[in-house]
2 protein chains.
Amino acid sequence: MSEPRACSVARTLDVVGERWSLLVLREVFLGVRRFDLIHKHTGAPRAVLTERLRRLVDAGVLRRGEYREEGRRPRHEYELTEAGRELRPVLTALMQWGDRYLAGPEGPPLQLRHTDCGAPVRTALICEDGHQLPDSGEGLRAVPRHLASREAGDGSAPRGAE
Amino acid sequence: MSEPRACSVARTLDVVGERWSLLVLREVFLGVRRFDLIHKHTGAPRAVLTERLRRLVDAGVLRRGEYREEGRRPRHEYELTEAGRELRPVLTALMQWGDRYLAGPEGPPLQLRHTDCGAPVRTALICEDGHQLPDSGEGLRAVPRHLASREAGDGSAPRGAE
DNA sequence: CAGTATCCCAAGCGATACTG
DNA sequence: CAGTATCGCTTGGGATACTG
């Protein structure tokens with residue numbers, strides 16, 4: 001019955017493939033770590049937010065921390081695990097596309113800068129030999145695993161771009 | 001009442017923020033352009049697939065083509081527009097994360113290669129001065145637009161990573 | 001092929017209210 | 001604060017069947 005393609009994209013989407021999950025991560029990347037603030041900044045319904053946070057914690061993307069300041073009630077916060085931090089390119093790629101195709105006349109609401117040099121940062125496709133590819137993915141080719149050991153130039157493999 | 005944050009991530013998710021939208025795009029990037037095959041490879045319900053294709057066309061990400069081979073019934077196909085092709089980094093970033101954190105023991109189902117040199121391709125964060133940042137986004141800082149003209153080093157701006 | 005139509009159930013949304 | 005609970009409504013999901 002030709003079940004759906006086995007694919008890392010689909011598996012990743014099982015974890016972060018819903019609107020609120022990604023927006024929650026955006027907030028955490030921006031330094032917002034607490035329930036109420038995430039709720040306010042994303043607009044996610046509280047019940048759904050609870051659900052999503054639980055899922056992200058279960059998936060190992062977020063960790064639930066608890067801390068108490070002197071004499072205060074204990075508080076919770078959500079922080080990124082290493083796996084969570086590695087989702088950064090997903091967020092920057094989404095943001096970059098929105099900046100380019102959906103920004104209003106005032107331009108992008110947020111800019112990413114390299115702390116060291118202050119220059120704008122963007123997502124790029126690079127190959128291990130150091131070549132940079134265009135964002136459109138021209139020159140990119142997808143090879144099924146069982147053929148992956150072959151060298152370049154096999155015209156019968158599915159191509160990544162026309 | 002503190003409406004949700006204005007953000008390009010959210011705007012992009014209005015277009016491609018649902019599971020099936022991204023999986024449709026994965027297929028088109030892999031060269032699958034027809035309704036039934038996309039249906040089979042993604043597993044999306046036909047009605048939902050119709051809906052998503054319409055939305056992607058409306059958003060200018062896909063274009064609906066029609067062509068007829070000699071003496072055959074006309075066929076439809078979906079192809080990427082320029083805006084659609086520019087979503088490639090989003091897909092590669094999702095795939096890359098899944099390859100790393102969710103691949104089974106057999107490894108990633110699909111590998112991306114540079115056509116010219118055969119080397120594996122990946123998503124990276126780079127700054128305009130040519131520095132490459134770690135995927136975790138360390139050294140990355142998000143600056144609100146109204147402050148974006150300032151130079152680096154303003155500690156009061158929200159930081160991109162702890 | 002490329003969709004529409006239908007059915008039924010699960011999940012999401014938005015608002016609001018309550019609890020430790 | 002950080003959630004749970006509840007409610008009414010809309011949308012999505014999966015299956016299956018039909019049409020030009």
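Atom set for the values below is all heavy atoms of this structure, side chains included, hydrogens, waters and symmetry mates excluded. Model, not experiment: these values are computed from the prediction. Residue numbering restarts at 1 for every chain, and letters A, B, ... go by the order of the sequence lines.
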Engineer: E66(A) CD to dC1(D) C1': how many Å, rounded?
Structural biologist: 12 Å
Engineer: Which is it for V143(A) and L112(B) under the side-chain contact (heavy atoms from CB on, under 4.5 Å) test, yes or no, and what are the steps along the way?
Structural biologist: CA-CA 6 Å; V143(A) 185; L112(B) 299 180; over 6 Å; no
Engineer: Using whole Å, what does the distance between atom P of nucleotide dT11(D) and atom CZ of R52(B) come to?
Structural biologist: 11 Å
Engineer: May I have the distance from W20(A) (atom CH2) to dA11(C) (atom P), rounded to whole angstrom?
Structural biologist: 19 Å
Engineer: Extract all donor-acceptor atom pairs below 3.5 Å that involve side chains of residues 55-65 of chain B and protein atoms in other chains or at least two apart in sequence.
Structural biologist:
residue, atom, partner, partner atom, Å
R55(B), NH1, D14(B), O, 3.2
R63(B), NH1, E79(B), OE2, 2.9
R64(B), NH1, Y78(B), OH, 2.7

Engineer: Less than 3.5 Å apart, which donor and acceptor atoms pair up between the side chains of residues 47-54 of chain A and the rest of the protein, not counting sequence neighbours?
Structural biologist:
residue, atom, partner, partner atom, Å
T50(A), OG1, R46(A), O, 3.0
R52(A), NE, E18(A), OE1, 3.4
R52(A), NH2, E18(A), OE2, 3.1

Engineer: Roughly, in whole Å, what's the span from CG in L13(A) to C1' in dG12(D)?
Structural biologist: 16 Å
Engineer: What's the spacing between L37(B) CG and L30(B) CG if we round to 0.5 Å?
Structural biologist: 12.0 Å
Engineer: Roughly, in whole Å, what's the span from CG in D14(B) to P in dC13(C)?
Structural biologist: 12 Å
Engineer: Specify whether W97(A) and Y101(A) have parallel, tilted or perpendicular ring planes, treating 30° as the upper limit for parallel and 60° as the lower limit for perpendicular.
Structural biologist: tilted
Engineer: Need the bend value for the helix from dC1(C)-dG20(D) to dG20(C)-dC1(D): angle between end axes, 5 pairs each end, nearest 10°.
Structural biologist: 40°
Engineer: In whole Å, I'd like the distance from the NZ atom of K40(B) to the C1' atom of dT16(D).
Structural biologist: 15 Å
Engineer: Could you pull out all residues at least two apart from E77(A) that satisfy salt bridge (charged side-chain N to carboxylate O under 4.0 Å, His left out)?
Structural biologist: none
Engineer: Return the value, rounded to whole Å, for the distance between atom NE2 of H39(A) and atom P of dT16(C).
Structural biologist: 11 Å
Engineer: So, OP1 or OP2 of dG13(D): does either fall under 4.0 Å of a side-chain N or O from R19(B)?
Structural biologist: no
Engineer: Write out a two-atom table: protein N or O, nucleotide N or O from nucleotides 2-5 of chain C, distance below 3.5 Å.
Structural biologist:
residue, atom, partner, partner atom, Å
dA2(C), OP1, R34(B), NE, 3.4
dA2(C), OP1, H76(B), O, 3.0
dA2(C), OP2, F35(B), N, 3.2
dA2(C), OP2, D36(B), N, 3.4
dA2(C), O3', H76(B), ND1, 3.3
dA2(C), N7, R46(B), NH2, 3.4
dG3(C), OP1, R64(B), NH1, 3.1
dG3(C), OP2, Y78(B), OH, 2.6
dG3(C), N7, R46(B), NE, 3.1
dG3(C), N7, R46(B), NH2, 2.5

Engineer: At under 4.0 Å between heavy atoms, what does E18(B) touch on the DNA or RNA strands: base, sugar-phosphate, or nothing?
Structural biologist: sugar-phosphate
Engineer: I need the minimum non-hydrogen distance between R26(B) and C7(A), along with the two atoms involved.
Structural biologist: NH1-CB, 3.1 Å
Engineer: Can you sort out the partners of W20(B) under ring-ring contact (aromatic ring centres under 6.0 Å, His included), two or more places apart, ordered by chain and number?
Structural biologist: none
Engineer: Using a strict 4.0 Å threshold on nitrogen-to-oxygen distance, state whether D135(B) and R85(A) make a salt bridge.
Structural biologist: no
